[in-house]
Amino acid sequence: MKNSAQIIELPIISINDGTEVGKVKSLVINPEKGTVDFLTVDHEDWQVSVRAIPFRKIIGIGEYAVTVANENAVIDLNEIPIANQLVNKKIKILNTKVITRKGQLLGEIIEYFVDEENGSIIGATMKLADHEVVISSEAVLTYGRDIIIVNDDAENHYYTDAKSLLAGSQEEQQAEGVVAENEAGLLDVEAALREKQISLLEGKRVKKDIKNQDGDLLFTEGTILAVEDIKKAQNGDPSVIVDLSMHVEA
């Protein structure tokens with residue numbers, strides 16, 4: 001995680017030839033995504049055109065420099081309309097007032113924090129009437145040119161400092177990972193059960209007519225079950241696969 005002050009004015013280094021291709025002039029905000037999509041580049045030889053680096057082209061943002069693969073990472077904004085549009089929106093976060101959805105003034109942003117891996121805005125330091133807090137980007141509804149609008153329960157997303165914000169963000173990501181892992185585990189168990197049912201029923205003879213709960217005939221007595229038959233039963237009424245399991249013979 002980097003704050004904006006740690007990124008602006010950093011030298012931009014091309015790894016391929018070891019040259020400095022400019023310095024970071026500003027961060028271009030995408031208000032819809034809540035991300036930094038481009039870094040504009042300051043270079044003494046470029047007096048007319050505005051040039052920038054797409055964030056996805058950045059290899060790393062370190063204490064000394066921003067690194068890119070080569071000079072081709074730097075583009076003329078006139079060549080990419082979306083980049084030009086974002087620059088012209090002039091979305092700034094620093095020194096921007098923060099209000100709630102219902103119009104209550106909370107404070108003013110004096111710094112913000114960026115995930116140097118993907119450009120996501122993680123949160124910002126907000127100056128209140130008598131102290132400062134760090135507010136998570138999860139509370140933000142709108143990044144506007146003049147105002148940042150947040151949820152009415154924004155106080156639930158306050159942190160004491162940037163380290164606490166980062167720790168909270170990591171815990172949330174870990175929690176999401178655990179949920180995803182558990183869901184994947186349940187899917188694995190279900191898949192294993194379905195395979196087990198197929199191995200037990202394939203080639204078996206149905207001893208009686210099998211119907212679903214609506215009375216529709218699905219399998220007639222004497223049917224030799226194929227894999228397709230069993231999968232059809234698995235994807236339908238759950239009672240059908242149970243009924244089949246109880247009324248088959250070798």
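In this structure, Ile29 and Tyr112 have side chains that are in contact, with non-hydrogen atoms separated by less than 4.5 Å. Put simply, the side chain of Ile15 does not reach to within 4.5 Å of the side chain of Asn70, judged on heavy atoms. Side-chain contact between Ile12 and Val41 is present, with heavy atoms from C-beta onward closer than 4.5 Å. Residues Thr40 and Val28 meet the side-chain proximity criterion, which asks for heavy atoms closer than 4.5 Å. At a threshold of 4.5 Å between non-hydrogen side-chain atoms, the residues Asp229 and Lys231 do not count as touching. Val98 places a side-chain heavy atom less than 4.5 Å from the side chain of Ile109. Using a 4.5 Å heavy-atom threshold, the side chains of Phe38 and Ile75 count as touching.
The CG atom of Leu128 sits 9.0 Å away from atom CD1 of Ile135, with the distance rounded to the nearest 0.5 Å. The distance from the CG atom of Asn156 to the OG atom of Ser136 is 11.0 Å, given to the nearest 0.5 Å. Within the model, atoms CD of Gln234 and CG of Leu201 stand 8.0 Å from one another, a figure rounded to the nearest 0.5 Å. Here the CD1 atom belonging to Ile53 is positioned 9.5 Å from the OG1 atom belonging to Thr67, to the nearest 0.5 angstrom. Taking CG of Asn30 as the reference point, atom CD of Gln85 lies at 10.5 Å (rounded to 0.5 Å). Between the OG1 atom of Thr125 and the CG atom of Leu94 there is a distance of 10.0 Å, given to the nearest 0.5 Å.
Here the shortest heavy-atom pairing between Ile59 and Ala69 reads CD1-N, 3.4 Å. Closest approach of Ile224 to Gly203, counting heavy atoms only: CG2-O, 3.7 Å. When all heavy atoms of Gly123 and Leu165 are compared, the pair lying nearest together is CA-CD2, 3.8 Å. Nearest heavy-atom pair across Leu217 and Lys211 is CA-CG, 4.0 Å. Nearest heavy atoms, Arg145 versus Lys89: NE-O, 3.0 Å. For Phe55 against Ile61, the heavy-atom pair with the smallest separation is CZ-CD1, 3.8 Å.
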- Task: Using the side chain to side chain contact (heavy atoms under 4.5 Å, CB included) rule, take Val248 and Lys207 through it: C-alpha gap first, then chi angles, then the decisive distance, then the call.
- Result: CA-CA 5 Å; Val248 293; Lys207 295 192 294 184; 5.7 Å; no
- Which is it for Thr19 and Glu71 under the side chain to side chain contact (heavy atoms under 4.5 Å, CB included) test, yes or no, and what are the steps along the way? CA-CA 9 Å; Thr19 59; Glu71 291 188 11; 3.8 Å; yes
- Query: So Met126 and Tyr158, side chain to side chain contact (heavy atoms under 4.5 Å, CB included) or not? Walk me through it.
  - Reply: CA-CA 9 Å; Met126 181 169 62; Tyr158 286 177; 3.4 Å; yes
- Passes side chain to side chain contact (heavy atoms under 4.5 Å, CB included), Asp161 versus Tyr159? Steps please. CA-CA 6 Å; Asp161 52 37; Tyr159 293 84; 5.9 Å; no
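At a threshold of 4.0 Å, the pair Lys23-Asp42 does not count as salt-bridged, since none of the basic side-chain nitrogens sits closer than that to a carboxylate oxygen.
No donor-acceptor pair closer than 3.5 Å links the side chain of Asn151 to the backbone N or O of Ala154. In this structure a side-chain-to-backbone donor-acceptor pair under 3.5 Å is missing from Thr35 to Gly119. At distances below 3.5 Å, not a single donor-acceptor pair connects side-chain atoms of Asp37 with backbone N or O atoms of Pro54. Judged by distance alone, the side chain of Thr100 and the main-chain N or O of Gln104 form a donor-acceptor pair under 3.5 Å. A distance-only check finds no donor-acceptor pair linking the side chain of Ser120 to the backbone of Ile122 [under 3.5 Å].
For Glu20, the CD atom is densely surrounded, since the number of other residues' heavy atoms within 6.0 Å is greater than 12. More than 12 heavy atoms of other residues, nucleotides or ligands shown are found within 6.0 angstrom of CD on Glu249. Heavy atoms from other residues, nucleotides or ligands lying under 6.0 Å from NZ of Lys163 number 12 at most. Within a 6.0 Å sphere centred on NZ of Lys92, heavy atoms belonging to other residues, nucleotides or ligands number more than 12. Atom NZ of Lys204 sits in a crowded spot, with more than 12 heavy atoms from other residues, nucleotides or ligands closer than 6.0 Å.
The hydrophobic cluster containing Leu141 does not contain Ile93, counting ILVMFWY residues as joined when their side-chain heavy atoms lie under 4.5 angstrom apart, directly or transitively. Residues Val36 and Ile58 share a hydrophobic cluster, clusters being chains of Ile/Leu/Val/Met/Phe/Trp/Tyr side chains in contact below 4.5 Å. Cluster membership for Leu39 and Ile13, using ILVMFWY side-chain heavy atoms within less than 4.5 angstrom, is not shared.
Listed by chain and residue number, Tyr143, Ile148, Val150 satisfy the side chain to side chain contact (heavy atoms under 4.5 Å, CB included) test with Val140 (two or more places apart in sequence, or in another chain). Taking the side chain to side chain donor-acceptor pair (under 3.5 Å) definition, one finds that Lys97 meets it with Glu108, sequence neighbours left out.
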Kindly list each side-chain donor-acceptor pair under 3.5 angstrom involving residues 1-10, sequence neighbours excluded, with atom names and distances?
| residue | atom | partner | partner atom | Å |
| --- | --- | --- | --- | --- |
| Asn3 | OD1 | Ala5 | N | 3.1 |
| Asn3 | OD1 | Gln6 | N | 2.8 |
| Ser4 | OG | Glu111 | OE1 | 2.4 |
| Gln6 | OE1 | Asn3 | N | 2.9 |

